[in-house]
Each structure stands twice: as structure tokens, then as C-alpha cells.
Amino acid sequence: MSVVVTIDGPGGAGKGTISRIVAMRMGWHYLDSGALYRTLALAALKAGVDETQSEQLLDLAKHLPLTFLLESEDEDHRVLLDGVDVTDDLRNEQTGSMASKVASNQAVRAALLQWQRDNAVAPGLVADGRDMGTVVFPDAPIKIYLTASLEERANRRYKQLIAKGLDVSIGELLEEIRVRDERDMNREVAPLKPADDAVTIDSTEITIAQVVDNILKLINK
Ligand code: DC
């Protein structure tokens, strides 16, 4: 028996950090579905495949040599592509934007569906993404839609990237996130939207610890 908690929302709302902490506190597994699309995007960029080349993308998606390494509460999990640690390459906005493009391909999403569902193993799973509550785990008993204002999300991403030593401009970042959200929300297949039975949490003016507390309370109820 495995309980699934889904946490969906736009980029930079804090889903990754919050999902990881909730999973750790519960002793559950954590699925970062964005990293799956980002890894596929990176594999496509490395292979010189663009988002219009559906057949090649599908082939990459079906044979993605991806490994997630165990995470801790205050550190991102590491991601290996074909045995090579690509974690740092996954986080930049170029990969994020390509991930959003490859993710609007229906056949690609279908190919990655079962892999995601296979993560729902005992005792529980926190699944973070865009369509966790609407498509991948529609029967999850707890669904969260985590959001925050665009400015706050861009600001958080900016701080994260600067802390990693990357050279980014806040204005460009804001525009990239805005374009990516718009694409994720308006695509035909599995668009980003709250599930009908999701609880919406706006994290603009509350801390990570408060959001985590709210979610743990919902789980323990
Ligand atoms: O959560 P993230 O920023 O790492 O996600 C990167 C992109 O991947 C996002 O812009 C859209 C896509 N994605 C998706 O379509 N479905 C998911 N469940 C997760 C991510």
C-alpha cells in the first residue's frame, strides 16, 4: 500500500524544496518529474535533436538512461544521464525551457507515464510536477497546487542560480519563467492546472517551513 501526495504548480513556486522535505519527514519516496523532462531535454540538446523532431524525441524518451541518486533534506538529489552526473546542467533556464517544449509532445508524455507511476511504492510518495494530480496520479488522496507571484518566483530562482555561481539577469529570468508557465498552462496535453480536488497554497508571503507544516497537517489528518 502506498500513499501518494501530489504537488503541482508553476516553475519556482518551491515545489522541489518542499516536496523533498515532506518526503524526508514522512520517510517516503520523492518523484521530481520535472527532472525527468529536463533530463530528456538535455539528452535532446546533446544529440542535436530539437522539439519538432518527434520520432527522435520519442526514441530518446523510451531509452532514457536516467538514474536518480538519493537526496537529503537540504541538498538536491543528483541525476545521472548515462552514468554521468548532469545535475548542474539540468537546472539552468535553457534546459528548463527545452524541457517545457519537449513536454508538450503527447507521445513523449505517454512514454514517460508508466515510469512515473512505478515510483508509487510503499510506504508513500511525494510527486512533484505539473500534472501529478490531474494525469499521473488522479486517485491521490492529497493534492496540493503550490503557487506564488511571478516576481517572487523569479526572485527565488535568481537567488538559487546565483548561489550556484551562475551568471543570470533577473529580468531575463522573469521573462523566461513567464513564457514557460504560459506554454505549460496552455498546451493541449496535460496542461498545468489545479486538479478539481486540489488544495491551493500560495507561498508568496509564507515561509517554506510554514508550507511544509500545512502539508504535513493535511497528510496527518
Ligand atoms: O519543475 P521543473 O521546472 O523542473 O519542470 C521543467 C519543465 O518540465 C516544465 O516547464 C514543464 C515540464 N514538466 C511537465 O510538463 N510535467 C511535469 N510533470 C513536470 C515538468
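Read the numbers this way: they start at 1 and go in the same order the structure lists the ligands and their atoms. This chain uses plain numbering: 1 for the first residue, then up along the sequence.
Only the side chain of R38 comes within 4.0 Å of ligand 1, counting heavy atoms alone; its backbone N, CA, C and O stay farther away. Contacts between R187 and ligand 1, counted as non-hydrogen atom pairs separated by less than 4.0 Å, involve the side chain only.
Using a 4.0 Å cut-off to heavy atoms of G129, the atoms of ligand 1 that qualify are 18 (N), 19 (C).
For the pair R180 and ligand 1, the shortest N or O to N or O distance falls below 3.5 Å. Between Y37 and ligand 1, no N or O atom pair is found at a separation short of 3.5 Å. Close N/O approach between R109 and ligand 1 is found [any backbone or side-chain N/O within under 3.5 Å]. Below 3.5 Å of separation, one finds no N or O of D128 facing any N or O of ligand 1.
A salt bridge between D85 and R78 is present, with a side-chain N of the basic residue lying under 4.0 Å from a carboxylate O of the acidic one. With salt bridges taken as basic N to acidic carboxylate O contacts below 4.0 Å, one links R156 and E152. We find that D181 and R153 are joined by a salt bridge, their nearest charged nitrogen and carboxylate oxygen being less than 4.0 Å apart.
Considering A41, S33, A190, G133 only, the shortest heavy-atom separation from atom 19 (C) of ligand 1 involves S33.
Protein heavy atom nearest atom 11 (C) of ligand 1, with residue, atom name and distance: D184 OD2, 3.3 Å. With respect to atom 12 (C) of ligand 1, the closest heavy atom belonging to the protein is A103 CB, 3.7 Å. Protein heavy atom closest to atom 1 (O) of ligand 1, with residue, atom name and distance, is R130 NH1, 2.9 Å.
Close to ligand 1: M132, with a non-hydrogen atom less than 4.0 angstrom away.
Defined by atom type and a distance below 3.5 Å, a donor-acceptor pair is present between the side-chain atoms of D118 and Q114. Counted by atom type alone, R183 and S100 present one or more donor-acceptor pairs between their side chains at under 3.5 Å.
Between I215 and I18, some side-chain heavy-atom pair lies under the 4.5 Å cut-off. The shortest side-chain heavy-atom distance between L174 and Y158 does not fall under the 4.5 Å cut-off.
Taking each heavy atom of V135 and A190 in turn, the nearest pair found is CG2-CB, 3.8 Å.
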